[in-house]
Amino acid sequence: MASLATTATNVARRRFKELHGVVVTAGLMSKTVKVQVGGQKWNKFLQKYFNDPRTYLVHDPNDSLRAGDVVAIEPGWRVSKSKRHVVKHIVKPAGVPIEERPPIPTEEERLAERAAERLAKDERRARKKAAEAAESALERAERMLSKARKEVAARERMMGLGNPTRRQGGLSVESEVD
């Protein structure tokens, strides 16, 4: 099943194209930059193309981008409500050279990190499920024990066997020892 999912992911990845844009804002949000991608839109009435730039919130894992950088972005998995793209590479840096910045992880590194995070999440989920199962088994055993004790007490009362340490006629026969 994992190979089927991997194959589907690879096919989907090949289907998407990378976009080039300019970093508009960087450093205001943690691991997030806003990238403006150019585009044009056809106006039917005027029979003319107009500029229609789009802005995307893009995941920058190492905070390596600065405002003014020209970058290549590609669709990735959803990181948050509005972040659905990830930085692929820097086309043209603005200001600080690329060598002096933290490296941008490759697609393979990002996929490996995601797989490791997913594996850790599955392990945590399995541990939590096992703990909940053990806890519910313990609760079930305690309920059964309580029920058995009540049944034994009821049978003793019915048979008139009563425990001599119990109250008889309003007086306690049991002596309290400290």
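Given the structure is predicted, the values throughout are model-derived calculations rather than measurements.
Across all their heavy atoms, P102 and S64 have their closest contact at O-CB, 3.0 Å. The shortest heavy-atom contact between A67 and A26 is N-CB, 3.8 Å. Shortest non-hydrogen contact noted between K31 and P61 is CE-O, 3.5 Å. K83 and S30 get closest at one heavy-atom pair: NZ-O, 4.4 Å. Residues K150 and R157 come closest through the heavy atom pair O-NH2, 4.5 Å. Annotation for A72 and E18: closest pair CB-OE2, 3.8 Å, computed over non-hydrogen atoms.
With respect to D69 and R101, a salt bridge is recorded, a charged nitrogen being found less than 4.0 Å from a carboxylate O. No salt bridge links E132 with R125; every basic N to acidic carboxylate O contact stays at or beyond 4.0 Å. The pair E151-K147 fails the salt-bridge criterion, with no side-chain N (NZ, NE, NH1 or NH2) lying under 4.0 Å from an Asp/Glu carboxylate O.
Taken from NZ in K48 to NZ in K41, the straight-line distance is 15.5 Å, to the nearest 0.5 Å. Rounded to the nearest 0.5 angstrom, R143 CZ and S136 OG are separated by 8.5 Å. Between S82 atom OG and K34 atom NZ the span is 9.5 Å, to the nearest 0.5 Å. To the nearest 0.5 Å, atom CG of residue D60 and atom CE of residue M29 are 11.0 Å apart. Of the inter-residue distances, the one linking L119 atom CG with R124 atom CZ reads 10.0 Å to the nearest 0.5 angstrom. I104 CD1 to L65 CG: the interatomic distance, rounded to the nearest 0.5 Å, is 5.0 Å.
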Evaluate the criterion side-chain contact (heavy atoms from CB on, under 4.5 Å) for residue pair E113 and E117; output intermediate values, then yes/no.
CA-CA 6 Å; E113 181 182 351; E117 288 174 359; 3.4 Å; yes
CA sep, side-chain torsions, deciding dist, call: R84, V79, side-chain contact (heavy atoms from CB on, under 4.5 Å):
CA-CA 6 Å; R84 289 172 173 78; V79 179; over 6 Å; no
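No chain of hydrophobic side-chain contacts below 4.5 Å, direct or via other Ile, Leu, Val, Met, Phe, Trp or Tyr residues, connects V24 to L19. Linking ILVMFWY residues whenever their side-chain heavy atoms come closer than 4.5 Å, directly or via other members, leaves W42 and F45 in distinct clusters. In terms of hydrophobic clustering, with Ile, Leu, Val, Met, Phe, Trp and Tyr side chains grouped at heavy-atom distances under 4.5 Å, V35 and I98 are assigned to a common cluster. In the hydrophobic clustering of ILVMFWY residues, with side-chain heavy atoms under 4.5 Å counting as a link, I90 and V22 come out apart.
Screening V71, V87, V70, I73 for a side-chain contact (heavy atoms from CB on, under 4.5 Å) with V23, the sole residue that qualifies is V71.
You'll find the side chain of Y56 reaches within 4.5 Å of the side chain of V37, heavy atoms only. Looking at heavy atoms from C-beta onward, E74 lies in side-chain contact with V86 at the 4.5 angstrom threshold. Contact check for T32 versus V58: no side-chain heavy atoms found under the 4.5 Å cut-off. For the pair Q40 and N51, the minimum side-chain heavy-atom distance is below 4.5 Å.
Between the side chain of Q47 and the main chain of K44, a donor-acceptor pair closer than 3.5 Å is present.
Judged by the 6.0 Å and 45° rule, R114 forms a cation-pi pair with W77.
Applying the salt bridge (charged side-chain N to carboxylate O under 4.0 Å, His left out) test to R118 and every residue at least two apart in sequence or in another chain returns D122.
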